[in-house]
Amino acid sequence: MRNLEYALYALLVVYLFKIYDSALILGSFSEYEEHVIPATFKPIGILTLVLYCSLPLFTLISFIHRKRYIGQYNFENYNDNLNIWQ
């Protein structure tokens with residue numbers, strides 16, 4: 001579980017990049033008014049941006065839940081608890 005949480009810390013950076021990228025694309029909508037852009041571009045873009053913004057929020061909430069229900073990682077006696085047959 002600890003490795004999964006560390007991977008999610010790295011994914012937070014990807015989430016932030018995707019939020020920035022989506023906001024940049026959605027913000028450039030007015031620059032391309034002469035082009036044929038479907039009417040659903042802006043609503044789907046806003047929905048995508050909202051969903052991308054919810055990903056870091058849910059990730060941070062999962063970190064809080066893990067800390068509340070499982071507790072801190074104890075690295076002191078990590079090697080003592082490796083034998084699962086005891």
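Side chains included, hydrogens not; waters and symmetry mates left out as well; all remaining heavy atoms used.
Taken from CD1 in I61 to CZ in R66, the straight-line distance is 15.0 Å, to the nearest 0.5 Å. Here the NZ-OG distance, from K67 to S62, works out to 12.0 Å after rounding to the nearest 0.5 Å. Expressed to the nearest 0.5 Å, how far CG of L55 lies from OG1 of T59 amounts to 6.0 Å.
Under a hydrophobic-cluster definition in which Ile, Leu, Val, Met, Phe, Trp and Tyr are linked whenever side-chain heavy atoms come within less than 4.5 Å, directly or via other members, L51 and Y15 are assigned to different clusters. Transitive grouping of hydrophobic side chains (ILVMFWY, heavy atoms separated by less than 4.5 Å) brings I37 and L26 into a common cluster. Linking Ile, Leu, Val, Met, Phe, Trp and Tyr whenever their side-chain heavy atoms come within less than 4.5 Å leaves L60 and L57 in two separate clusters. A single hydrophobic cluster is seen to contain both V14 and I25, as judged by linkage of ILVMFWY side chains at heavy-atom distances under 4.5 Å, directly or through other members. Hydrophobic clustering (ILVMFWY, side-chain heavy atoms < 4.5 Å, transitive): L12 and Y6 are in one cluster.
Ring pair Y69/H65 is parallel by interplanar angle, where below 30° counts as parallel and above 60° as perpendicular.
Taking every heavy atom of both residues into account, S22 and T48 meet most closely at OG-CG2, 4.4 Å. Taking both residues in full, the closest heavy atoms of I19 and L49 are given as O-CD1, 3.6 Å, listed atom of the first, atom of the second, then distance.
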Requested in this report: For side chain to side chain contact (heavy atoms under 4.5 Å, CB included), just list the numbers for L8 and L11, CA-CA rounded to whole Å, side-chain angles, deciding distance to a tenth of an Å, and then say yes or no.
Outcome: CA-CA 5 Å; L8 284 174; L11 279 176; 4.0 Å; yes
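Under the 6.0 Å cut-off for aromatic ring centres, F29 and F41 qualify, their centroids lying closer than that.
Two residues are said to be in side-chain contact when any heavy atoms from C-beta on lie closer than 4.5 Å; Y52 and D21 fail this criterion.
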